[in-house]
Amino acid sequence: MPRKNIKKLEDLKKLTIPELKELAKELRQIIIERVAINGGHLASNLGTVDLTIALHYVFNSPKDKIIWDVGHQSYSHKILTGRAEAFSTIRQYGGISGFPKIDESPHDAFGTGHSSTSISSALGIIEARDQKKEDFKVIAVIGDGALTAGLAFEGLNHAGHLQKDLIVVLNDNEMSISPNVGALSAYLNRIMTGDLYTKFKKETKLFLGRIPKVGEPFLKIAQRAEDTVKGFFVPGMLFEELGFEYVGPIDGHKIESLIETFERFKDFPAPVLIHAITKKGKGYSPAEKSPWIFHGVGPFDIETGSQISSANPTYSEIFGSYLVKLAREDSRIVAITAAMTEGTGLSEFAKTFPLRFYDVGIAESHAVTFAAGLASQGLKPVVAIYSTFLQRAYDEIVHDVCLQNLPVVFAIDRAGIVGEDGPTHNGAFDISYLRHIPNIVIMAPKDENELGRMLKTAISHDGPVAIRYPRGAVSKIPTDMELKKLTIGESEILKDGKDILIIAIGSAVQPAKHASELLNEMGISACVINARFAKPINASLIRNLAKEIKCVLTVEENVVQGGFGSAVLEHLSEMDIDGLKIKMLGLPDKFIEHGPQNLLRKMLGLDAEKITKEALTLIGKKGLILNHFNITVDH
């Protein structure tokens, strides 16, 4: 097979077009087989195989810099750049990442994982290149979905102003080209972007511009005529107005056309945007038919496309079901997401209430301010966004929602450790970046039933509320369908005790409760509190219990710095309690790598055994050994 003849990228350039096409088939098969085992981003990667081959055929990585926007389309890039043998480890603990990482390979020119950063970072690399008087090409590969983010247009605007030789490849996988339309586009592309046309256009402008009085009007007429023709036939007027030379649309699966286009424009002296039409899921029928399902997918059966998943629904799905129930009762409720309808569990809501559902595209900042506008007029917007993506709307949360004390509900999905997607997607910071903002209430449920009660509470509250909940399946099907409201700031005592006080929140509650059972078998009496609220905390309950117990252990799946434990510590530091000892367990001050959620939690000390060990250490019982549970507490 062709890949066996590729020891280095230079070997790729020796292949014929038929061999490159054969290579594309092989790469797709490798990706399908591995993602079926490991899970990952399938449809987007299958759609960029031909594009990747053509880019590496024409350009010289790592000298030339190829930047993959988001990065969930870079699997074939990884295989071709020295990671073919390691590809079996993709998204596994200790293996290669599912996204580009600058410390993984010199071919990964810039780390990505969040959308729409490629153009800005590529422009920065070009400017640094010129400052240092170096010589290489920079190519940003961005999807049409990523162009919905304002950041992409900020980069385009600046690139058009600087007029540097940036190459932007627009990977458009939302459009399909029929043969007739494709032929017309190819014809127009050859005429309007070929060397002859480019030279003619330039020389015509120079000629007309030199004619006194008459030249200027004719120049304007000629320009208007050109714009009119392009406006009718070429969907590139926007990019040309921003200062880019527009090329396309071209067939993103026709390797010879891609190579020809890249060769023609690799030395173009100004910004150029090459518009390539691709098909998500290309080469795998189930993914072609349902690309949204196979965008980010768990292990699946290749023959049927059926996913191998938990029997129980996910927190995202439970959230969506609860929101539909509440929306039936309250017509003020509207739902907003940022290009993550399925991921946030809002598919049912979108079908049930199409006029009350908004997918704003990859535009988190807009989603939040849009929600603030809705709330200012008496509606109850629920903004469902992953924790790691909500970071992008921080100023809007502060300025547009909390400052005005508007009743916007933030449904923060994927809070805490997300697993195989790694550091770009772990929801490690949301308690910390929200807790210090005035007016906001922050909740985290211990289970699926409490999630429903918190959603009811949030919608009933006259101010901003955030509910954070983890990725993954719930422990059982919810049984609490009455959805009673909680009292803001009220915690729940799950177990009485006198030796140590364990205060946990959200996904940390169940392992904390399990730890108390282990401690009980050792004769240690632990009081366990389900905090429920990171803001406001149940200050009076915590204060009174801490005065009696004196040993306090907080547990959360958020960074320790500025998190829930910090809130408890801040409060208790004002109490002047003699002999008080406090320990905060949470995520460490580092970015957490990819791997299975349970493995990472165990390694990070957020499982029941580690909580037990920390509790024993805090109360001075280091010498105890719990053989039955295989826990050894060191002296």
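Below, each value reflects all heavy atoms present in this structure, side chains not excepted, and no hydrogens, waters or symmetry copies.
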Problem - Check ion pair Glu450-Arg532 (N to O, under 4.0 angstrom) - result: yes
Fill in the blank from the handout: Nearest heavy-atom approach of Asp499 to Gly523 is OD2-O, 4.1 Å
Handout entry: Whether Asn439 side chain and Cys402 backbone form a donor-acceptor pair below 3.5 Å
Key = yes
Exercise for the section: Report yes or no: does Ser516 contribute a side-chain atom to a donor-acceptor pair with the main-chain N or O of Ala526 at less than 3.5 Å? Expected result: no
Exercise for the section: Tell me yes or no: between the side chains of Ser432 and Asn558, is some donor less than 3.5 Å from an acceptor? Expected result: yes
Practice task
Please confirm whether the backbone N or O of Ala473 pairs with a side-chain atom of Thr314, one donor and one acceptor, at under 3.5 Å?
Solution key: no
Handout entry: Presence of salt bridge, Glu517 and Lys513, under 4.0 angstrom
Key = no
Problem - Plane angle bin for Tyr394 and His436 - parallel if under 30°, tilted between 30 and 60°, otherwise perpendicular - result: tilted
Problem - Ser331 (side chain) donor-acceptor with Ala327 (main chain) under 3.5 angstrom - result: no
Practice task
In sequence, state the C-alpha distance, the side-chain angles, and the governing distance for Ser321 and Glu348, and then conclude on side chain to side chain contact (heavy atoms under 4.5 Å, CB included).
Solution key: CA-CA 7 Å; Ser321 297; Glu348 183 184 356; 3.7 Å; yes
Practice task
Would you tell me whether Thr369 and Asp400 have side-chain atoms, one donor and one acceptor, within less than 3.5 Å of each other?
Solution key: yes
Problem - Residue pair Val334 / Tyr358, side-chain heavy-atom distance below 4.5 Å - result: yes
Exercise for the section: Answer whether the closest heavy-atom distance between the side chains of Pro596 and Tyr93 falls below 4.5 Å. Expected result: yes
Practice task
Flag the pair Val35 / Phe294 as yes when at least one side-chain heavy-atom distance between them is below 4.5 Å, and no otherwise.
Solution key: no
Problem - Side-chain heavy-atom pair Val509, Val528 within 4.5 angstrom cut-off - result: no
Exercise for the section: Flag the pair Ile336 / Val382 as yes when at least one side-chain heavy-atom distance between them is below 4.5 Å, and no otherwise. Expected result: no
Handout entry: Audit row: Ile467, Leu455, side chain to side chain contact (heavy atoms under 4.5 Å, CB included) steps and yes/no
Key = CA-CA 8 Å; Ile467 309 172; Leu455 189 57; 4.1 Å; yes
Practice task
For the residue pair His41 and Phe99, establish whether any side-chain heavy-atom pair is separated by less than 4.5 Å.
Solution key: yes
Exercise for the section: Please step through ring pair (Phe, Tyr, Trp, His ring centres under 6.0 Å) for the pair Tyr75 and Phe87, ending with a clear verdict. Expected result: CA-CA 8 Å; Tyr75 287 9; Phe87 191 69; 5.8 Å; yes
Which atom pairs, one a donor and one an acceptor, fall under 3.5 Å between side chains of residues 412-421 and the rest of the protein, sequence neighbours left out?
unit_1 : atom_1 : unit_2 : atom_2 : d
Asp413 : OD1    : Ser316 : OG     : 3.3
Asp413 : OD2    : Ser316 : OG     : 2.5
Arg414 : NH1    : Ser316 : OG     : 2.9
Arg414 : NH1    : Gly343 : O      : 2.9
Arg414 : NH2    : Tyr386 : OH     : 3.1
Asp421 : OD1    : Arg91  : NH2    : 3.0

Problem - Test item: Asn45 side-chain N/O and Ser74 main-chain N/O as donor-acceptor pair under 3.5 Å - result: yes
Exercise for the section: For residues Val555 and Ile502, report the shortest heavy-atom separation together with the two atoms involved. Expected result: CG2-CG2, 4.1 Å
Problem - For Ile318 against Pro313, the heavy-atom pair lying closest together - result: CD1-CG, 3.6 Å
Practice task
Examine distances only and state if a side-chain atom of Lys535 and a backbone atom of Ile437 form a donor-acceptor pair shorter than 3.5 Å.
Solution key: yes
Exercise for the section: State, with a plain yes or no, whether a side-chain heavy atom of Ile524 is found less than 4.5 Å away from one of Leu616. Expected result: yes
Exercise for the section: Of all the heavy-atom pairs spanning Ser491 and Asn538, show the shortest one and how long it is. Expected result: N-ND2, 2.9 Å
Handout entry: Distance flag, aromatic centroids of His425 and His594, threshold under 6.0 Å
Key = no
Handout entry: Met575 CE to Asn544 CG distance, which is reported to the nearest 0.5 Å
Key = 10.0 Å
Practice task
Give, for atom OG1 of Thr344 and atom CG of Leu323, the distance between the pair rounded to the nearest 0.5 Å.
Solution key: 9.5 Å
Exercise for the section: Determine the minimum heavy-atom distance between Lys380 and His461, stating which atoms define it. Expected result: NZ-O, 3.0 Å
Practice task
Give a yes or no on whether the backbone of Ile90 and the side-chain of Asn38 come within a donor-acceptor separation of less than 3.5 Å.
Solution key: yes
Handout entry: Note, Tyr315 side chain near Leu451 side chain (heavy atom, < 4.5 Å)
Key = yes
Problem - Lys602 and Asp607 ion-paired at < 4.0 Å - result: yes
Exercise for the section: Decide whether Glu448 and Ser475 meet the rule of one side-chain donor and one side-chain acceptor closer than 3.5 Å. Expected result: yes
Handout entry: Spacing of Ile503 atom CD1 and Ile529 atom CD1 [to the nearest 0.5 Å]
Key = 5.0 Å
Exercise for the section: Run the numbers on Val401 and Phe410 for side chain to side chain contact (heavy atoms under 4.5 Å, CB included), then give the verdict. Expected result: CA-CA 11 Å; Val401 176; Phe410 297 101; 4.0 Å; yes
Exercise for the section: Take Arg435 and Glu570 through the test salt bridge (Lys or Arg N to Asp or Glu O under 4.0 Å) and record every step on the way to the result. Expected result: CA-CA 12 Å; Arg435 188 173 67 82; Glu570 290 162 13; 2.9 Å; yes
Completion exercise
CG (Leu42) and NE2 (His295) are apart, to the nearest 0.5 Å, by 11.0 Å
Practice task
Walk me through it: do Asp301 and Ser306 pass the test side chain to side chain donor-acceptor pair (under 3.5 Å)?
Solution key: CA-CA 5 Å; Asp301 179 79; Ser306 301; 5.9 Å; no
Exercise for the section: Describe, in one word, how the ring planes of His114 and Phe389 are oriented to each other, choosing from parallel (under 30°), tilted (30 to 60°) and perpendicular (over 60°). Expected result: perpendicular
Problem - Electrostatic pair Glu548:Arg543 at N-O distance under 4.0 angstrom - result: no
Practice task
Salt-bridge test for Glu556 and Arg468: reply yes if a basic N is under 4.0 Å from a carboxylate O, no otherwise.
Solution key: no
Practice task
Please round to the nearest 0.5 Å and tell me the distance separating atom CD of Gln391 and atom CD1 of Ile385.
Solution key: 11.5 Å
Problem - Flag, side chain of Thr148 to backbone of Ile362, donor-acceptor distance under 3.5 Å - result: yes
Handout entry: Backbone of Pro100 reached by a side-chain donor or acceptor of Asp108 within 3.5 Å
Key = no
Exercise for the section: Determine whether the aromatic ring centres of Phe353 and Phe349 lie less than 6.0 Å apart. Expected result: yes
Exercise for the section: Report the C-alpha distance between Asp430 and Ser387 in whole Å, list the side-chain angles of each, state the deciding distance to 0.1 Å, and finish with yes or no for side chain to side chain donor-acceptor pair (under 3.5 Å). Expected result: CA-CA 6 Å; Asp430 53 83; Ser387 170; 2.7 Å; yes
Problem - Minimum-distance pair of heavy atoms, taken over all atoms of Ala384 and Phe319 - result: CB-CE2, 3.9 Å
Completion exercise
When rounded to the nearest 0.5 Å, the distance separating CG of Leu585 from NZ of Lys583 is 6.5 Å
Handout entry: Where at least one partner belongs to residues 328-345, residue pairs that pass salt bridge (Lys or Arg N to Asp or Glu O under 4.0 Å), sequence neighbours excluded
Key = Lys325-Glu329, Asp330-Arg332
Practice task
Apply side chain to side chain contact (heavy atoms under 4.5 Å, CB included) to Leu483 and Tyr322, showing your working.
Solution key: CA-CA 9 Å; Leu483 302 185; Tyr322 278 134; 3.3 Å; yes
Exercise for the section: Answer yes or no: is there a donor N or O on one side and an acceptor on the other, between the side chain of Glu104 and the main chain of Ser97, under 3.5 Å? Expected result: yes
